[in-house]
Amino acid sequence: MPKKLIKAVYALNFIFQAAFSMIVPAGLLVLGGWYLHNRCGWGKWAMVVAIVLGVAFGFYSMIYYIVKTKDYVDPTEHKGEGNGTSE
């Protein structure tokens, strides 16, 4: 397979994983806020707090993922090897 295709697929995978790590915490907290507001009878403030916390935790999760995996974005470079050679 051509290296450009592998790099493109790997970059697309990286983008999808970063987006997933942003959406899941936000979605779960918004769902929890909706449950507390509609089912438990809490005020609208529960939904507002859940949205704000969901976006904040989702953004933190996405940034954490990007920082932790930034060295592995290019699959053709072997930065983790000690001898500096590639296969």
Side-chain angles (χ1 to χ4, degrees):
M1 294 187 100
K3 282 187 177 183
K4 287 185 179 183
L5 179 63
I6 292 173
K7 285 182 180 182
V9 169
Y10 202 81
L12 192 60
N13 179 41
F14 183 76
I15 291 169
F16 281 138
Q17 285 181 345
F20 184 78
S21 68
M22 170 73 180
I23 292 170
V24 169
L28 288 175
L29 279 168
V30 168
L31 184 66
W34 175 85
Y35 181 80
L36 290 174
H37 175 65
N38 290 332
R39 301 291 180 162
C40 297
W42 290 22
K44 291 184 180 182
W45 61 269
M47 190 66 176
V48 172
V49 169
I51 291 171
V52 170
L53 287 178
V55 170
F57 287 137
F59 187 72
Y60 172 78
S61 176
M62 181 184 69
I63 296 298
Y64 182 80
Y65 171 76
I66 290 171
V67 168
K68 284 293 186 181
T69 58
K70 69 179 171 24
D71 293 335
Y72 306 106
V73 172
D74 190 3
T76 58
E77 295 179 10
H78 300 284
K79 295 179 182 178
E81 295 180 359
N83 58 6
T85 61
S86 63
E87 297 175 5

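Counting begins at 1 with the first residue of the sequence.
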So, applying side chain to side chain contact (heavy atoms under 4.5 Å, CB included) with M47, which one of V52, N38, L36, V30 is it? V30

Got a second to check how far F16's CZ is from S21's OG, nearest 0.5 Å? 13.0 Å

CE of M22 to CD1 of I63: how many Å apart, nearest 0.5 Å? 9.0 Å

Nearest 0.5 Å, please: how far is OH in Y10 from CD1 in I15? 13.0 Å

Answer yes if L29 and W45 sit in the same cluster of Ile, Leu, Val, Met, Phe, Trp and Tyr residues linked by side chain heavy atoms under 4.5 Å apart, and no otherwise. yes

same_hphob_cluster(L28, F20) at 4.5 Å side-chain heavy-atom cutoff: yes

Can you confirm whether more than 12 heavy atoms, excluding those of F57, are under 6.0 Å from its CZ atom? no

Check the hydrophobic clustering (I, L, V, M, F, W, Y; side-chain heavy atoms under 4.5 Å; chains of links allowed) and say if F59 and I66 are grouped together. yes

The test is side chain to side chain contact (heavy atoms under 4.5 Å, CB included); show your working for R39 and W34 and say whether it passes. CA-CA 8 Å; R39 301 291 180 162; W34 175 85; 4.0 Å; yes

I need the minimum non-hydrogen distance between A50 and G33, along with the two atoms involved. CB-CA, 3.5 Å

Are V55 and V49 connected in a single hydrophobic cluster, I mean Ile/Leu/Val/Met/Phe/Trp/Tyr linked by side-chain heavy atoms less than 4.5 Å apart? no

